[in-house]
Amino acid sequence: MFILEVSMANVKEKYEDSLLYRIRHSAAHIMAQAVLEKFPEGKVAIGPPIEDGFYYDFDLPRALTPEDLESIEKRMRGIIQSGVNFEKKVISADEAKKLFHDQPFKLELIAGLESGELDDDGNPTDVKPEISIYTQGGFTDLCRGPHVENSRQINPTAIKLMNVAGAYWRGDEKRPMLQRIYGTAWSKPDELKDYLWRLEEAKKRDHRKIGQELDLFSINEEVGAGLVLWHPKGARIRKLIEDFWSQEHINNDYDFVYTPHIGKAQLWETSGHLGFYKDNMYSPVDIEGQQYFLKPMNCPFHLHIYKNSLRSYRDLPIRYAEEGTVYRYERSGVLHGLMRVRGFTQDDAHHFCRPDQMPAEIDFVLSFSLHILRSFGFSEIHAYLSTRPEKSVGDPAMWEDAETALQESLDRSGLDYDVDRGGGAFYGPKIDLKVKDAIGREWQLSTIQFDFNEPERFDLTYIGEDGQPHRPYMIHRALLGSLERFFGVLIEHYAGAFPVWLAPVQAAMIPIADRHLDYARQVAQELKKAGLRVIVDDRPERMNAKIRDAQNQKIPYMLVIGDKEQESGQVALRLRNGENPGPIPVADFIARAHAEIAAKS
RNA sequence: GCCGACAUAGCUCAAUCGGCAGAGCAGCCGCCUUGUAAGCGGCAGGUUAUGGGUUCGAUUCCCAUUGUCGGCUCCA
């Protein structure tokens with residue numbers, strides 16, 4: 001009943017208008033007060049509410065320790081329980097400057113407010129905002145609000161400081177590094193408990209942990225940071241993904257191409273990568289006095305394949321697909337398991353089409369993309385349309401065409417989408433697709449991008465009905481994004497319990513005693529013939545141990561075999577969710593497995 | 001790259017104040033022949049990430065490097 005009430009109350013209310021938002025904002029101020037009591041010489045920056053909590057940035061004389069966080073949190077409880085009021089006051093810029101004369105970050109914010117260009121988060125704004133301060137206890141902060149009226153509205157047992165992290169002032173890496181304390185705050189202790197539980201759940205699904213436990217992949221210091229080793233079980237899943245992917249592309253009139261991992265400097269000059277992407281590219285290798293670069297993208301090669309023949313308008317659309325492995329320089333601090341690596345394989349494709357084919361081509365690639373994502377169990381998909389930025393290349397009329405086509409296609413698709421005006425790349429507008437995983441986190445996978453730049457640079461043409469050369473439209477797309485990252489997302493989505501069609505081992509034969517081994521092997525042969533991936537657990541272990549191990553390996557089907565099964569030609573089926581359907585004939589099991597594989601469930 | 005934390009057996013983790021580096025699991029050997037989440041016993045396993053330094057003596061203290069983690073910036 002309680003839950004119903006809250007969800008109904010929150011349906012229409014925006015987060016910014018909610019009590020919880022004010023609680024978190026006020027908790028941030030109370031934290032700042034506690035920190036300044038501890039470090040009177042500390043400088044305060046900004047402290048907004050965020051999803052699930054709040055943070056506040058400080059410039060302090062020394063690095064904070066976990067013990068500091070404990071004492072700050074304790075002091076916060078004290079302040080909250082003392083019941084201080086939050087009082088707002090509107091003041092002039094001069095008064096503000098005087099008040100915050102020893103707080104350089106605040107002075108900078110005041111200057112921004114005064115000039116009317118920036119709001120108190122430092123974001124550009126059109127309205128010249130008023131300058132307001134909030135005071136609680138002995139602490140006064142420059143702040144737009146809103147806050148709770150009294151600290152007693154904050155439940156002292158529903159807040160927790162989480163961690164300290166470095167953060168640049170105003171997010172600018174050229175500016176000072178501050179210490180950011182992250183905290184979380186809720187209306188009730190149960191909600192805090194629930195939040196901490198969700199964090200635990202996310203931790204359990206961490207693809208780095210599961211990757212180790214299920215022996216799927218590793219990243220080795222001696223091999224190099226950000227370079228992935230796919231172990232047999234991970235590789236098997238990748239192969240299954242790739243096989244499905246290939247078949248779907250064949251069914252949808254793609255041509256496969258293969259291209260090299262390096263190309264001459266001139267290629268990357270022509271494509272423009274050495275101009276606008278050099279920071280992400282590795283140093284060149286010298287081959288007989290010529291410079292070659294490791295490829296950060298596949299497109300230039302595909303463009304050359306297109307250019308290798310004269311193309312007729314009758315040939316279009318042309319769709320070239322490649323699982324192309326690219327290498328990009330990523331700064332050491334950003335590497336993260338499979339999600340952010342230095343070498344990865346894109347499920348890449350480039351479409352070349354005539355202007356009149358373009359809307360249909362977008363429709364196709366969008367629905368194809370959805371089909372692929374849904375096949376992997378992602379049903380909640382959100383789209384983002386990014387349009388022409390201020391600095392762009394290409395004829396504005398083409399941009400207009402392309403953006404209209406993208407938007408109309410989105411409308412037809414029935415997808416929810418947001419428009420990011422001016423958020424496109426300089427070379428073309430795009431649609432990105434994000435999927436929601438099993439615990440509600442969003443991951444960007446697909447991207448569908450127009451490119452007005454490269455066809456121009458490589459002078460791509462096709463001969464039209466009029467016998468004249470024309471410039472084709474080019475669309476660059478990746479559906480899964482990168483196989484590495486997609487695999488990471490899959491692992492977290494399924495928490496390692498992959499659907500049967502993707503499970504590296506689909507069935508474990510579990511003979512109870514040695515005398516059942518022959519029958520187990522015989523059934524295993526039968527299952528292999530039926531196309532199933534099966535192992536026989538022939539270790540001299542107890543059945544219970546074998547079940548436990550199969551369960552921990554998240555093998556979908558456990559087939560227990562004892563005297564009864566052997567005599568009746570059956571297998572005793574147990575599922576990884578703990579369900580125990582019991583003995584069934586081998587043929588029935590095969591039929592059941594085939595059905596689940598076909599359904600991709 | 002930047003801020004902070006961390007790096008001990010294949011894995012997960014101990015080791016007090018600077019004084020002989022330890023456990024569980026996994027592995028190997030043996031016994032048990034088992035009915036739905038770990039049977040029992042034994043053996044083996046280490047240049048304490050790497051390289052320097054301080055010290056009679058360093059897993060422990062200091063410096064550098066590599067890598068990992070949490071963020072920032074960036075991003076498939």
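FYI, side chains are in, hydrogens and waters are out, and symmetry mates aren't considered; it's all heavy atoms of this structure.
For the pair A:Lys434 and A:Tyr384, the distance from NZ or CZ to the six-membered ring centre is under 6.0 Å and the angle to the ring normal is within 45 degrees. Remark: A:Lys430 fails to qualify as a cation-pi partner of A:Phe450 under the 6.0 Å distance and 45° angle criteria applied to the six-membered ring. Cation-pi check for A:Arg24 over A:Trp186 is met; the charged atom lies under 6.0 angstrom from the ring centroid and within 45 degrees of its normal.
Closest contact between the side chain of A:Ala165 and the listed nucleotides B:rU36, B:rC72, B:rG70 involves B:rG70. The side chain of A:Arg548 approaches B:rA38 more closely than any other nucleotide in the set B:rC2, B:rG35, B:rA38. With distances taken from any side-chain atom of A:Met177 to the nucleotides B:rG35, B:rG71, B:rA37, the minimum falls on B:rG71. Nearest nucleotide to the side chain of A:Lys564, out of B:rG35, B:rU73, B:rU34: B:rG35. Proximity note for A:Asn544 (side chain, C-beta onward) versus B:rA37, B:rA76, B:rG35: the nearest is B:rA37.
Taking atom C1' on both nucleotides, B:rG10 is separated from B:rC2 by 35 Å, rounded to a whole Å. Comparing B:rA58 with B:rG51, their C1' atoms sit 15 Å apart, to the nearest whole Å. To the nearest whole angstrom, the two P atoms, one in B:rG39 and one in B:rU59, are 38 Å apart. Straight-line distance between the P atoms of B:rG45 and B:rC31: roughly 23 Å, to the nearest whole Å. Comparing the P positions of B:rA64 and B:rC3 gives an interatomic distance of 11 Å, to the nearest angstrom. Distance check on atom C1': B:rG42 versus B:rU66 gives 39 Å, rounded to whole Å. B:rC63 sits 28 Å from B:rC20 when the C1' atoms are compared, rounded to a whole Å. For B:rC17 and B:rC62, the P atoms lie 15 Å apart once the distance is rounded to whole Å.
The residue from A:Ile584, A:Val586, A:Val571, A:Val536 that alone fulfils the side chain to side chain contact (heavy atoms under 4.5 Å, CB included) condition with A:Leu559 is A:Val571.
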Whether each nucleotide of nucleotides 24-29 of chain B has a protein heavy atom under 4.0 Å at its base (B), only at its sugar-phosphate (S) or at neither (-) is summarised, 5' to 3', as ------

Output one letter per nucleotide in nucleotides 62-68 of chain B: B when a protein non-hydrogen atom lies under 4.0 Å from the base, S when only the sugar-phosphate is that close, - when neither is. ----BSS

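Put simply, CG on A:Leu338 is 16 Å from C1' on B:rC75, counting in whole angstrom units. A straight line from OH of A:Tyr384 to P of B:rC75 spans 17 Å, rounded to a whole angstrom. If you measure from atom CZ of A:Phe58 to atom P of B:rG4, you get 17 Å, rounded to the nearest angstrom. In this structure, CD1 of A:Ile181 is placed 15 Å from P of B:rG4, rounded to the nearest angstrom. We find that CZ of A:Arg340 is positioned 13 Å from P of B:rG1, with the value rounded to whole Å. One atom, CZ of A:Arg170, and another, C1' of B:rC72, lie 16 Å apart when rounded to the nearest Å. Rounded to whole angstrom, the span from the CZ atom of A:Arg180 across to the P atom of B:rC2 amounts to 19 Å.
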Go through it in stages, so that I can follow the logic: the residues are A:Phe376 and A:Phe486, the test is ring pair (Phe, Tyr, Trp, His ring centres under 6.0 Å), and I'd like the CA-CA distance, side-chain angles, deciding distance and then a yes or no. CA-CA 10 Å; A:Phe376 286 100; A:Phe486 182 70; 4.9 Å; yes

Evaluate the side-chain hydrogen bond (donor to acceptor under 3.5 Å, both in side chains) criterion for residues A:Arg521 and A:Tyr519: first the C-alpha distance (whole Å), next the side-chain angles of each, then the deciding distance (0.1 Å), finally the verdict. CA-CA 5 Å; A:Arg521 293 205 174 101; A:Tyr519 175 66; over 6 Å; no

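Within the 4.0 angstrom heavy-atom criterion, no nucleotide atom of any strand lies near A:Gln449. At a threshold of 4.0 angstrom between heavy atoms, the contacts of A:Gly171 are confined to the sugar-phosphate backbone, with no base atom among them. When heavy atoms are screened at a 4.0 angstrom cut-off, A:Asn220 is found touching no nucleic acid atom at all. At a threshold of 4.0 angstrom between heavy atoms, the contacts of A:Ala478 with the nucleic acid are absent. Among the atoms of the strands shown, none is found under 4.0 Å from any heavy atom of A:Asp172. Backbone-only contact: A:Ala167 has heavy atoms under 4.0 Å from sugar-phosphate atoms and none from a base. Within 4.0 Å (heavy atoms only), A:Ala572 reaches at least one base atom of the nucleic acid. In this structure, A:Arg574 reaches the bases: a heavy-atom distance under 4.0 Å links it to at least one base atom across the strands shown. Nucleic acid contact for A:Gly166: base, since at least one base atom lies under 4.0 Å from a heavy atom of the residue. As judged by a 4.0 angstrom heavy-atom cut-off over every strand, A:Lys546 is placed among residues making no nucleic acid contact. Here A:Val341 lies in heavy-atom contact (under 4.0 Å) with a base. Among the heavy atoms of the strands lying under 4.0 Å from A:Asn163 are primed sugar atoms or P, OP1, OP2 only; no base atom is included. If you check every strand for non-hydrogen atoms under 4.0 Å, A:Glu330 touches a base.
Side chain to side chain, A:Gln179 and A:Tyr56 fail the donor-acceptor criterion of an N or O pair below 3.5 Å. Side chain to side chain, A:Arg574 and A:Gln551 meet the donor-acceptor criterion of an N or O pair below 3.5 Å. A:Glu442 and A:His382 form no side-chain donor-acceptor contact under 3.5 Å, judged by distance and modelled atom types alone. In this structure, a donor-acceptor pair under 3.5 Å is present between the side chains of A:His207 and A:Glu492. One side chain, A:Lys295 or A:Thr259, offers a donor N or O that lies under 3.5 Å from an acceptor on the other. Between the side chains of A:Thr345 and A:Arg238, at least one donor N or O sits under 3.5 Å from an acceptor N or O.
Shown here, B:rG39 forms a base pair with B:rC31; the pair counts as Watson-Crick or G-U wobble because both key distances fall under 3.5 Å. Across all strands shown, B:rG24 forms a Watson-Crick or G-U wobble pair with B:rC11, both key distances being under 3.5 Å. Judged by Watson-Crick or G-U wobble contacts below 3.5 Å, the nucleotide B:rC69 has B:rG4 as its partner. Judged by Watson-Crick or G-U wobble contacts below 3.5 Å, the nucleotide B:rC61 has B:rG53 as its partner.
Side chain A:Arg542 to base B:rC32: a donor-acceptor pair is found below 3.5 Å. With hydrogens and angles ignored, no donor-acceptor pair under 3.5 angstrom links the side chain of A:Arg331 to the base of B:rC74.
Separation of atoms CD (A:Glu323) and OG (A:Ser246) is listed at 5.0 Å; rounding is to 0.5 Å.
Under 4.0 angstrom from either OP1 or OP2 of B:rG70 there lies at least one side-chain N or O belonging to A:His336. A sub-4.0 Å separation between OP1 or OP2 of B:rU34 and a side-chain N or O of A:Arg515 is present.
Residues that satisfy the side chain to side chain contact (heavy atoms under 4.5 Å, CB included) test with A:Pro389, not counting sequence neighbours, are A:Ser392, A:Trp399.
Nearest-nucleotide mapping onto RNA chain B: of A:Tyr182 and A:Gln346, the residue sitting toward the 5' end is A:Tyr182. Heavy-atom nearest nucleotides on RNA chain B were determined for A:Leu178 and for A:Ala545, and the one closer to the 5' end corresponds to A:Leu178.
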